[in-house]
There are 2 protein chains.
Amino acid sequence: MGKNKIIYSIRVPRILEATVALIAEKGIQNITLDQVAQRAELSKGGLVHYFPGKDKLIESAVADFFRKIFERGREIRDRIDNPLKQLLSYTWLYNKNDPDLLVGYRLFFDIMSIASRDRRYRQVLQDFVENWITLLKASISRGIAAGDFQVRDVEETARSVSAVYQGVASRWFLDPENHSDEWAVRTVESLVGFLVTNKL
Amino acid sequence: MGKNKIIYSIRVPRILEATVALIAEKGIQNITLDQVAQRAELSKGGLVHYFPGKDKLIESAVADFFRKIFERGREIRDRIDNPLKQLLSYTWLYNKNDPDLLVGYRLFFDIMSIASRDRRYRQVLQDFVENWITLLKASISRGIAAGDFQVRDVEETARSVSAVYQGVASRWFLDPENHSDEWAVRTVESLVGFLVTNKL
DNA sequence: TAAAATATAAACCGAATAGTCGGTTTATAA
DNA sequence: TTATAAACCGACTATTCGGTTTATATTTTA
């Protein structure tokens, strides 16, 4: 593919964006090739030319989007030096005004739902999570080296931190009426702080 | 509906069971009326006679199933007297050998995914969660009264406890290879214990 | 017991949709 | 200029599926 590199580099991002936007709107299971083609402003034939099959299309769009979100998290973390503050730096995820996050949460819930039955999607999810775990482990290790953290098992603690973020995010996103932004941030700060400093 | 009470009380549970089983297998979005009818051993016409429309059918099946799961949690909790042990009593949710839980998790992820776009489902989810919150608040209040817990805000703490359970469960269920039963139980015990005793 | 209400099955309808394909246009290379 | 491959279009096909209709059987009721 891609004899004409210029047109390719215009079309493909546009298709991926259209796909992700539609998924956010209707759900992975409910988008159609016609809809994607229409939003990406090309024909169904053209769409299929770039992504042969709906599965391939969705897979690419999801992977691309998650990669971007992760990059963002890493960049924000990298601007911080203190290990504990790094571990708490992901509260940008609790921002209702960020349209990318609205998309991201919906995508994430979709993926989880499908992953509960489909090994392939389970792998996508695991890979995504593993990236964050790696990031968290680095911060924890630095905190230990600096003498700030008391942690029995870095890996296990990183997974607990990550699980806390996810649990809080789920409630915060799906029931904002009963779970304020402040509750989310307070809970994460309290629990993550405990995980890295009060381990017996 | 259901002038004939006897036949009704046989058909309806059978239909609900078939629906839930099929949802667990294929996902809410992917079941068909024909499949449900076949598994419940009646015709599609018969099925529609009892539940006029797919939405009604799914709604009833989900509500019925969640009610049963909640009843189970309450019964287990009621057999325990110590407030902290009550708060930790829900680790029966981390049991891979229970077929009802396999069904339950898949259902739950489906609901979350749809709820992220559909107000009706968000309400279903909120109602379900609110039941657990009520249960947790009761335990926390008893612990405070007994002088065992130090908690700033009962409601907020109950929601944090619940979020911890959910976050841990998500990881434990979707990536069992990297999140052992022991990790799940240890994490919950550690975090919940902290939430009710070390609040500043 | 006859009429009415209910229960059930099977055939059917129409909309939606993933994927295919023949053919056209456009860009690059010879 | 010409040959070739990529890019693109949109009509067509086959299938799926929710819901309806029609017909028949069973149960309730008057």
Side-chain angles (χ1 to χ4, degrees), chain A residues 1-62 64 110 113-114 117-118 120-121, chain B residues 1-63 110 113-114 117-118 120-121:
Chain A
M1 213 178 292
K3 179 135 186 187
N4 185 337
K5 297 289 184 191
I6 295 161
I7 202 77
Y8 184 83
S9 71
I10 291 172
R11 283 287 195 223
V12 167
R14 179 173 246 166
I15 290 170
L16 294 178
E17 278 163 33
T19 306
V20 166
L22 271 168
I23 289 176
E25 203 175 294
K26 298 162 180 287
I28 283 187
Q29 319 247 26
N30 300 317
I31 65 168
T32 71
L33 293 182
D34 283 311
Q35 287 165 356
V36 173
Q38 192 178 358
R39 182 164 313 204
E41 290 177 304
L42 83 172
S43 71
K44 179 149 77 165
L47 172 61
V48 172
H49 170 72
Y50 286 103
F51 296 94
K54 200 182 179 183
D55 287 349
K56 262 276 176 291
L57 171 66
I58 289 174
E59 188 191 337
S60 307
V62 168
D64 183 64
D110 273 10
S113 145
I114 301 172
R117 302 181 187 85
D118 183 319
R120 258 171 69 90
Y121 274 81
Chain B
M1 206 183 294
K3 251 313 179 13
N4 187 337
K5 296 291 182 191
I6 295 162
I7 202 76
Y8 184 82
S9 69
I10 292 172
R11 285 286 195 221
V12 167
R14 177 173 250 165
I15 290 171
L16 294 178
E17 278 162 35
T19 305
V20 166
L22 271 168
I23 289 176
E25 204 175 294
K26 299 161 179 287
I28 283 185
Q29 319 246 26
N30 301 315
I31 64 168
T32 70
L33 293 181
D34 282 313
Q35 287 165 354
V36 173
Q38 191 178 2
R39 181 163 317 203
E41 290 177 304
L42 82 171
S43 72
K44 181 154 70 166
L47 173 60
V48 172
H49 171 71
Y50 287 103
F51 295 94
K54 198 183 183 183
D55 288 348
K56 261 276 176 292
L57 171 66
I58 289 174
E59 188 190 337
S60 306
V62 167
D110 273 10
S113 145
I114 302 173
R117 302 181 188 83
D118 183 317
R120 259 170 66 92
Y121 274 80

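Chain letters run A, B, ... following the sequence lines, proteins first, then strands; residues in each count from 1.
- The 12-atom threshold is not exceeded at CD of A/Gln38, counting heavy atoms of other residues, nucleotides or ligands nearer than 6.0 Å.
- Spacing between atom CG of B/Asn30 and atom P of D/dT15 amounts to 20 Å, rounded to whole angstrom units.
- When side chains are defined from C-beta on, A/Phe51 counts as touching A/Leu16, because their heavy atoms get closer than 4.5 Å.
- A/Gln29 places its CD atom 12 Å from the P atom of C/dA18, with the value rounded to the nearest Å.
- Computed from coordinates, the A/Ile10 CD1 to D/dA7 P distance equals 12 Å when rounded to whole Å.
- The shortest distance between the side-chain N/O atoms of A/Tyr50 and the OP1/OP2 oxygens of D/dA6 is not below 4.0 Å.
- Rounded to whole Å, the distance from CG on A/Leu33 to P on D/dA11 is 17 Å.
- Summarising the geometry, the separation between CG on A/Asp34 and C1' on C/dA15 is reported as 13 Å, rounded to the nearest angstrom.
- Residue-level contact check: B/Leu47 touches neither bases nor backbone, having no heavy atom under 4.0 Å from any strand.
- A sub-4.0 Å separation between OP1 or OP2 of D/dA7 and a side-chain N or O of A/His49 is present.
- For the pair A/Arg39 and A/Arg14, the minimum side-chain heavy-atom distance is 4.5 Å or more.
- Residues B/Lys54 and B/Glu59 are not paired through a salt bridge, judged by the lack of any N-O separation under 4.0 Å between the basic side chain and the carboxylate.
- Here the closest non-hydrogen pair linking B/Leu33 and B/Val48 is CD1-CG2, 4.2 Å.
- Nearest heavy atom pair, residue B/Ile23 against residue A/Arg117, reads O-NH2, 3.1 Å.
- Less than 4.0 Å separates DNA chain D from at least one heavy atom of each of the following residues of residues 37-46 of chain A: A/Leu42, A/Ser43, A/Gly45, A/Gly46.
- One can place CZ of B/Arg11 at 13 Å from P of D/dT26, the figure rounded to the nearest angstrom.
- Rounded to whole Å, atom C1' of D/dA7 lies 14 Å from atom CZ of A/Phe51.
- Of all heavy-atom pairs spanning A/Arg11 and A/Tyr50, the tightest one is CG-OH, 3.4 Å.
- Atoms CD1 (B/Ile31) and C1' (D/dC17) sit 12 Å apart, rounded to a whole Å.
- Residue contacts for B/Leu57: at a heavy-atom cut-off of 4.0 Å it reaches no nucleic acid atom on any strand shown.
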